[in-house]
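First comes the structure, then the notes that go with it.
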Amino acid sequence: MNRLMQPAARAVRTAISRPAARQMSGDVEEATKLMSTWKMVSAGGAVAVVCIGGYVFSAGHEEHFDLEKNKFHYMQVRNKAFPWSCSDCSLFDTKCWAEARAAKQ
């Protein structure tokens, strides 16, 4: 049992006896220089993202799909009539409902 505890006790003794020191390369000046460099890179990247995003979102959106102009055969497939008074109009199609009511009168 004593032999099993010796490596652990040795590790604890060496950890306690050594002074706490940072084990990193470089010095404070180099770290400060790198930190300021990456701050500038991040700020420049943020400005670039904002500019590109502004350009993309300010561009015209004229190429949207026009349902009235492009009526496809599969858009009005009815296997069974709708269960309301105007069986050809979908429930929230207000334009179709207005045309159906105008045609009834």
Side-chain angles (χ1 to χ4, degrees):
M1 183 78 150
N2 219 1
R3 253 185 350 184
L4 294 175
M5 298 297 283
Q6 284 177 353
R10 188 178 317 124
V12 169
R13 274 194 309 265
T14 56
I16 292 173
S17 65
R18 289 186 188 159
R22 295 177 62 187
Q23 301 295 324
M24 297 169 31
S25 63
D27 54 352
V28 176
E29 291 82 22
E30 182 183 3
T32 306
K33 182 180 174 186
L34 283 173
M35 182 181 64
S36 65
T37 301
W38 281 107
K39 279 185 177 181
M40 297 301 279
V41 168
S42 299
V47 168
V49 166
V50 168
C51 290
I52 292 171
Y55 174 74
V56 167
F57 286 118
S58 68
H61 302 284
E62 292 85 21
E63 297 181 19
H64 285 290
F65 178 74
D66 187 15
L67 183 61
E68 297 300 321
K69 189 169 78 173
N70 302 351
K71 290 227 179 228
F72 296 107
H73 66 280
Y74 57 83
M75 297 292 279
Q76 294 290 327
V77 174
R78 303 279 189 264
N79 295 331
K80 187 171 132 181
F82 286 127
W84 41 79
S85 63
C86 182
S87 62
D88 192 38
C89 297
S90 63
L91 187 59
F92 297 109
D93 189 4
T94 56
K95 187 176 179 181
C96 180
W97 278 93
E99 290 173 0
R101 287 189 185 121
K104 260 187 187 177
Q105 294 174 353

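For this chain, numbers begin at 1 and follow the sequence in order.
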query: Is D93 close to K95 at the side-chain level, that is, under 4.5 Å between some pair of heavy atoms?
result: yes

message: Distance check, rounded to the nearest 0.5 Å: R101 atom CZ versus S85 atom OG?
response: 6.5 Å

field: Heavy-atom neighbours of W84 CH2 exceed 12 at 6.0 Å
entry: yes

query: Can you hop from F92 to F82 via hydrophobic side chains spaced under 4.5 Å?
result: yes

- request: Side-chain contact test, heavy atoms from C-beta onward, threshold under 4.5 Å: evaluate it for C86 versus W97 and give yes or no.
  value: yes

